[in-house]
Colleague: 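Provided herewith is a single structure, encoded as C-alpha cells, for subsequent inquiry.
Chain identifiers are assigned alphabetically (A, B, ...) following the order of the sequence lines, protein sequences preceding nucleic acid strands; residue numbering begins at 1 within each chain.
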Amino acid sequence: MRKLSYAEAVNAALRRCLDEIPETLLYGEDVGVPGGVHGVSKGLHKAFGDRVFDTPISESAILGSAVGAAMFGRRPIVEIMWSDFFLVALDQVVNQAANVRYVSNGTVKAPLTIRTQQGNSPGACAQHSQNLEAFFLHTPGIRVCMPSTPQDAYDLTLAAVHCDDPTIVIENRTLYHGAKAEVVTDGEVQPIGGLRKRRDGDAVTVVTWGAISRRVEEAAENAEVLETVWLNPFPWDEVIASVRRTGRLAVVHEANRTGGFGAEVVARVVEAGVRLAAPPVRIAVPDMRLPAAPVLANALIPDVRSIAAAISDLAARG
Amino acid sequence: MRKLSYAEAVNAALRRCLDEIPETLLYGEDVGVPGGVHGVSKGLHKAFGDRVFDTPISESAILGSAVGAAMFGRRPIVEIMWSDFFLVALDQVVNQAANVRYVSNGTVKAPLTIRTQQGNSPGACAQHSQNLEAFFLHTPGIRVCMPSTPQDAYDLTLAAVHCDDPTIVIENRTLYHGAKAEVVTDGEVQPIGGLRKRRDGDAVTVVTWGAISRRVEEAAENAEVLETVWLNPFPWDEVIASVRRTGRLAVVHEANRTGGFGAEVVARVVEAGVRLAAPPVRIAVPDMRLPAAPVLANALIPDVRSIAAAISDLAARG
Amino acid sequence: MNTLLDDLHQMWRIRLLEEKVRELRASNDIVGSVHLSIGQEAGPVGACSVLGENDALFATYRGHNWAVARGVPVEGILAELLGRATGVNGGRGGSAYFSDFAHGFHGENSIVGAGAPLAVGAALAGKYDGTNRVALTVFGDGAMNQGAVHESMNFAAALDLPVIFVCENNSWSELTPIDEMVRNPILAERARAYGILGERIDGNDPSVVRDRVGDAIEAAREGGGPALLELMTQRLVGHYIGDPEQYRRPGELEAAREVEPIAAATRKLREQGTSQARIDEAESNARSEVEDAATAALQAPLADVSTVKEHLYA
Amino acid sequence: MNTLLDDLHQMWRIRLLEEKVRELRASNDIVGSVHLSIGQEAGPVGACSVLGENDALFATYRGHNWAVARGVPVEGILAELLGRATGVNGGRGGSAYFSDFAHGFHGENSIVGAGAPLAVGAALAGKYDGTNRVALTVFGDGAMNQGAVHESMNFAAALDLPVIFVCENNSWSELTPIDEMVRNPILAERARAYGILGERIDGNDPSVVRDRVGDAIEAAREGGGPALLELMTQRLVGHYIGDPEQYRRPGELEAAREVEPIAAATRKLREQGTSQARIDEAESNARSEVEDAATAALQAPLADVSTVKEHLYA
Ligand SMILES: Cc1ncc(C[n+]2csc(CCOP(=O)(O)OP(=O)(O)O)c2C)c(N)n1
Ligand SMILES: Cc1ncc(C[n+]2csc(CCOP(=O)(O)OP(=O)(O)O)c2C)c(N)n1
Ligand SMILES: [Mg+2]
Ligand SMILES: [Mg+2]
C-alpha cells in the first residue's frame, strides 16, 4: 500500500482513470503542463500527452466544452480552480449539464467530472473562501461528493469519473499537502453514494462533510460522527436511523448557515418523524462574507473547541 | 385608488422611483425603448429619457455595471429577464455586489435593485422555469423579496429601490397581466421586511412565497397562511410564533424540494424548540428538471388540489 | 438535378412547418412562447447540405429551421411542440429546447450563446474519437455580446478546434436593433480578435451559404481551426408569436420581403426558366408533407405522465 | 523638476513595498497567497499620473502597484496585508481584495476580469453625476479571454462610456503563457471588434504610458468612448509568493531584467546625466517611507474581532 497525501491521492486516481478509461480527458487552467496550480495533476500531461491540457481563463468554455464532449462520448475531467469561480459560468452546470439526460428523455448523457476545491484558508479573501455545495445540491441532475481524507480523495474521484452523471468533486486546498496516509489504490471502483462513520457514540448524531469533518472527528465526544462524503446521492436512511437511535442531531458545515445544506438534513430528519430529545443544532459559519485577516475569519469559522462545546451542550440538553 | 395589474403596479412603482429619486437608473435588455419584453417598463423611457435604456445581451456587464454605478452614488434598477439568466453572471451578484459593504468595512455601499421574474409557465422549457431564490438566500449581503399581488408588487419594488443594500425583486410572469386590483400608490415608502397573513386558521401554519401563494391561499382550509413576501430579511419571529400556536407547519414553494428555502424554514422552527403535533411538511416541486409539455409540468408542480390535500392531511395527523 | 429547386423545396418545408406552428399556436394546441424562423430558411438549408453525418449541430430557441434542414422529421418536431409522446424528446424539450441526436440535431438552447461552448466540446471530442468531426453552432447577432460566445471562439481558436460559428444576423435582438448595441456593426470582423477566418455573407442565398460554409468546414476539418460566418438575413415575423413588432423601422418589412430567401429563389428560378409547375411543386410537396405530419402529430397521445420522473440520473 | 526622476521614485515606492511584503510573507507576518507586481511598476505610475481625482480605478489581486501609484498610503496597505485594524479595510480585504475609496482606489478584485463591469458602472454613473468621470480598469493578458471583459468592452463601446481598459501583458497567466492561449497574440487588436481605439504600447516606460493613457483619457472624457491599451511588461517574480516558476523560458528573466522599468529608468537618467546621488535618493527616500510604514503597521493592533459582524447590511 502506498502512503499518499490528499493531493497525491487525487493525482493517483486521475492517473488510473486516464490509464484505464481511454475516453477520459483532463483539462483546465494550468492543469496540463504546469500540473495544476496546487500540483494535483502533476506529471499527467507528461504521461498522457494531449489528453491532458491547459486552457484559456474561460470557465464557460471549459465547463461547456466538457458538457459537449461528454455528450459525444468523452469522459472529460475538468477543473474549476476555486468553487467561487463557478459563479462566472454556472449556466453550463445548471442550465446545460443538468438538463442533458432528462430533457433528451434519457437518450443522451453527459458523464463529465468537475473537480474543484473550496473553503477558507488563512488570509484568503471573501472571493476565495466560499463553500457553495448548497448551490449544486439544489440542482437536480448533478451528483456531488466531498472527500476529506486521502483514501476518500482517491475513491470518490474514481467513482465520480466512472459515474454516468455530471459529477462535482469538491476538494479542499488546506488538505492537499497534509499528512500522508496509506491509500489502497488497486481496489475495485466503488459505486457513488455512501457515508463514513468516523466515530461511535450514542449521545448525539453528528452529520458533517468537507474539511471541517476533520475538526468534528476530533471534537465529537461520545457522538456518532457521520461524514456524508457523498451529498448527492445523500444517505438519508443511514442518517435518519442514526438519529432515531441517538435522539439528537447536530449538523456541521463550513458553508454559512442560512440556506446551507444543513437545513436540508435537519428538515429531512424531522419530516421523517424522528422523536428528538432536544432540538437539532446546526454548527456553521454565521451569515457573513469571509474577511481576509485570520483573526477575523477564525472568529467566524467553527473550530474544534466551539464544535466540541456545541455538541456536548446538545448532548446535555432536553 | 387606481386599479392596476401586477405589471402595471411594478411600472407605477418604477415610475415613482424615477420621479422621486434622481439617482435612479433603469436598464436592461429591451427595458428602454421597447418597454420590456413583458411590457413592465412601458412608457418609462419616454418619460425619463436617457435614465432608462436598453443594453446588449450581456448579463455580466448589466449586473456589474449596476454594482459599479451603485458604488458611485447611483441607484440602478436593472432587469434580468428570467432568473435562469442570472447563471451566466452570478459572480457579479455573489462575488461582487454582496461584498461591497462588508469588505469595505462599511465605507462603501451598493444600493442596486435587480428585478427578475421566474417560475414555470405553460410550455416553458427547463431553462426558463427555475425558481432560484435559494441561491440568493444563501448569499449573505443580498436582500430578496417576492411579491405576488399588485399591491405588494408596488410596495416591495418601492422598498427595494429605497433600500441601501443590493436587493433582488423576484416577480412572476404568470401574474403580470392578471386581474387588476386597487393599488395604493401614494402611500409612504415601507421599510424592507414583513410578511402578509393571507388567511386565518388554527389547525396549521402554512408558510409560502411567490406565485404559488395564490394557490395556497385558495387551498388552505382552516390554516394560517403566511406569505413571506420578504425572504431576506425573513420574519422568523412571526413564523415561529404562529407555529407555536398551531403546532403544525407546512411550507409551500415552487422551487424543487431538496435544498430549497423550505428546508431553512423547517430547520429554524424546530431549532427554536417549537413543539409540533405532527412532523412538518414541505410541498414543492420534486427534484426534477422542468419538462416543457404542460401535462408533464403539471404533474410536477403542486396545484390547488394537491396543496389542499397535503395541508388537510397534515392537519389530521399526529 | 436542380440544386436551387431542391433548396426551394427545403426552404418551403421550413416555411410551411413554421406557418403550421403559428396556426397551432393560435389554436392553443401549442402553448408557450414560440420563436419562428420565417425569413431565415436559406442559412440552414445551405449549411446543413455540407454538414457530414458525424458532424455536430447546436442551434437556439429559433431552431426549427435548422432542425428541419438537418433532417429531423417534421412530425417529430410538431409532436414535440404539441407536447406529445411521439415528440423528439417526448415533449420534454418543447419549441425552444428540443434535440434529436438520432438525426444529427444536437439541440436548441434557450440560453443565449450557451450552445457555443457545447459545440466546442463536440469538436474537441472529435479530436480523440477518430471522426474528425466538425461542429457548427448557430446563434443570433445579439448573442455576439454574450461572454460565453467570446470564450468559445477564443478557446476553439487556441486549440485549433473545427468549430464553425454561424451568426444569423437578422438585425434584431428580441425588440432591440443590433446596430445600436455594437459600435462595429460588421460582426464578422470580430474574428480577427481571435485570429480566425471571419466573413459576412448573404444569408438569403442557400448556394452562397453552401459554398462559404462548405469552404470553412473543409478548412476546419483539415486542421485550420474555427471560422466565424455572419449570415445577413431577416426575421419576417415577430421575435415570438404575439410580438406586436412596434419596433419595426419604416419600410423594413417591405424591403425584407423583396430579398427573403423564398421570394429570391423563386425569382431566380423563373429567370432561369424553370417551369412554374415545378416551382409550385416544390411548395406543394412540402405542404403535403407538413399537413400529413400535423395530422399524425395531432393524433399522437399526449406526453406520458407516468414516466415524468424517469431519466434524471443514470 | 524631473519627471523621470519622480517616476523612478514612485516606482521604487512600489518595488520596495513589494520587497517588504515578500519579507513579511516569508516571516509569516503576512499569510495567504500574495501576488507581487515586481517588474510592473511603470504602468501604474504612468497611468495614475493622468487620472483625475474623480476618476475611478479598478485593479486586480496584483494591485499593490496600482494602489501605491494612486496614492493609497503604504502604511494602510501593509497594515491591511498584516490583518491590522489600521488596514485600509480593517483587514477584511487582504492582499488580493483591498480598496481605499478615500484615496481613489476602488478596489482590487480576485475574480479574473470582474473589475471590468464595475468600471463600466463607475463610468456610467459619471454620465449622470456631472463629474464627467473616466474609469480605468486594469487586468492581465489572461483576463482578455474572460467573458465579463468582452461584455464590458462592447457595453462601454455601445454606450460611449469613458472606460480605459488597461491590459498588463506580462506574457503569463499564472503558470501558462498567453501566446499559447490565443491565436492572435496582439491583444490590443481586439479593440477593432468593439469599434474602439486599441494600442499595444511599451508598458515599461512610465512616460510612454502617461502619454498614451493620457490621450485615451482625454478622448474618452470628450465623449469618444472607451479604449483598450495593452501594456507590454513582465513579472520578475512568481505568480504568487512561493511559485517555483518552473515554467520560465530559457533566458527569459535575464532579458526581462534588462528592460524592466527601474533598470530602464535608471539607465536613462544616467544617460541624461542625472547625478548618482539623486538617483540613489529616489530609492532611499522610498526605502525610508516603506520602512517607517512597516514599523508603524507592525505596531498597529490586529483587526478588531468585536466588530467582525458589522456592516454586512445597511
Ligand atoms: C443569457 C440570456 N439572456 C437573455 C435571454 C433572453 N433572450 C432570448 S432571445 C434574445 C434575443 C437574442 O437575439 P439574437 O441573438 O439576435 O437572436 P435572434 O432571436 O434574433 O435569433 C434574448 C435577449 C436569454 N434567453 N438568455
Ligand atoms: C474567474 C477566475 N478564474 C480563474 C482564476 C484564478 N486565477 C487567478 S490569477 C489567474 C491568472 C490571470 O492571468 P492574467 O490575467 O494574465 O493576470 P496576471 O496574474 O498575469 O497579472 C488565474 C487563472 C480567478 N481568480 N478567477
Ligand atoms: Mg437577431
Ligand atoms: Mg499575465
Colleague: Is it the backbone or the side chain of B:P56 that comes under 4.5 Å from a heavy atom of chain C, or both, or neither?
Modeller: both

Colleague: Which pair of non-hydrogen atoms, one from B:D30 and one from C:S173, has the smallest distance, and what is that distance?
Modeller: OD1-O, 3.5 Å

Colleague: Do C:E174 and B:V37 make a side-chain contact, defined as non-hydrogen atoms from C-beta onward lying under 4.5 Å apart?
Modeller: yes

Colleague: Give, as side chain, backbone, both or neither, the part of B:V33 having an atom under 4.5 angstrom from any heavy atom of chain C.
Modeller: neither

Colleague: Using every non-hydrogen atom in the two residues, find where B:M288 and C:V308 come nearest and quote the distance to one decimal.
Modeller: SD-O, 4.0 Å

Colleague: C:A303 versus chain B, heavy atoms under 4.5 Å apart: side chain, backbone, both or neither?
Modeller: both

Colleague: Could you name the residues of residues 27-38 of chain C that have a heavy atom within less than 4.5 Å of a heavy atom in chain B?
Modeller: C:V31, C:G32

Colleague: Give, as side chain, backbone, both or neither, the part of B:S58 having an atom under 4.5 angstrom from any heavy atom of chain C.
Modeller: both

Colleague: Check whether any side-chain heavy atom of C:T176 sits under 4.5 Å from a side-chain heavy atom of B:E29, and report yes or no.
Modeller: no

Colleague: Closest approach of B:A299 and C:V305, non-hydrogen atoms and distance?
Modeller: CB-CG1, 3.5 Å

Colleague: Is C:F98 close to chain B through its backbone or its side chain, or both, or neither, when contacts mean heavy atoms under 4.5 Å?
Modeller: neither

Colleague: Is B:P286 in contact with chain C via its backbone, its side chain, both, or neither, using a 4.5 Å heavy-atom distance?
Modeller: side chain

Colleague: Do you know which of C:V112, C:I111, C:L302 has the most heavy-atom pairs under 4.5 Å to chain B?
Modeller: C:I111

Colleague: Using the side chain to side chain contact (heavy atoms under 4.5 Å, CB included) rule, pick out the option among B:L300, B:L296, B:D287 that qualifies with C:K309.
Modeller: B:L300

Colleague: So what's closer than 4.5 Å to chain B heavy atoms on C:D304: side chain, backbone, both or neither?
Modeller: backbone

Colleague: For chain B, which residues from residues 74-83 of chain C have at least one heavy atom closer than 4.5 Å to it?
Modeller: C:G83

Colleague: C:Q146 and B:V88: side-chain contact (heavy atoms from CB on, under 4.5 Å), yes or no, with the steps?
Modeller: CA-CA 9 Å; C:Q146 185 65 212; B:V88 299; 3.5 Å; yes

